[in-house]
Amino acid sequence: LLSNEKFSLILTDYKLGGMDGVQLLEKIRKDGDETPLIVLSARPDQSGVIRAARFNHTDFFGKPLRKLELLKTLERFTSAHLSHSGRFQA
């Protein structure tokens with residue numbers, strides 16, 4: 001899907017089948033994609049947060065989500081993406 005589509009933002013859970021959210025992030029970045037990515041986790045562990053922090057345009061949220069914090073991050077990522085691409089695609 002990611003090789004065929006371009007997204008303005010990727011929002012994923014940390015726990016995925018076959019890999020975790022940071023491994024997904026690593027794969028996306030390895031492919032040269034700088035799409036902003038937010039990883040959500042019910043049990044954020046320090047190593048996952050540290051691994052995610054190595055990458056640009058990435059944030060890590062624990063659950064339950066703080067709505068205002070998430071909205072501010074979404075606004076920051078989408079406005080940064082708009083300034084680089086000139087358009088927004090959901």
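All values reported here derive from a predicted model rather than from experimental measurement. The first residue in the sequence is number 1, and the count goes up from there.
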Original post:
So D13 and K63, side-chain contact (heavy atoms from CB on, under 4.5 Å) or not? Walk me through it.
Top reply: CA-CA 10 Å; D13 200 79; K63 295 177 190 174; 2.5 Å; yes
**OP:** Could you check F60 against V22 for side-chain contact (heavy atoms from CB on, under 4.5 Å), going step by step and ending with a plain yes or no?
**Re:** CA-CA 9 Å; F60 201 103; V22 179; 4.2 Å; yes
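Looking at residues two or more places apart in sequence or on another chain, you find a side chain to side chain donor-acceptor pair (under 3.5 Å) between D59 and R76. L70 pairs by the side-chain contact (heavy atoms from CB on, under 4.5 Å) definition with I38, F61, L65, L74, not counting sequence neighbours.
The CZ atom of R29 lies 9.5 Å from the CG atom of L24; values are rounded to the nearest 0.5 Å. Taking OG1 from T58 and CD1 from I28, the interatomic distance works out to 9.0 Å, rounded to the nearest 0.5 Å. Separating the NZ atom in K27 from the CE atom in M19 is a distance of 7.0 Å, to the nearest 0.5 Å.
Between the side chain of D33 and the main chain of T35, a donor-acceptor pair closer than 3.5 Å is present.
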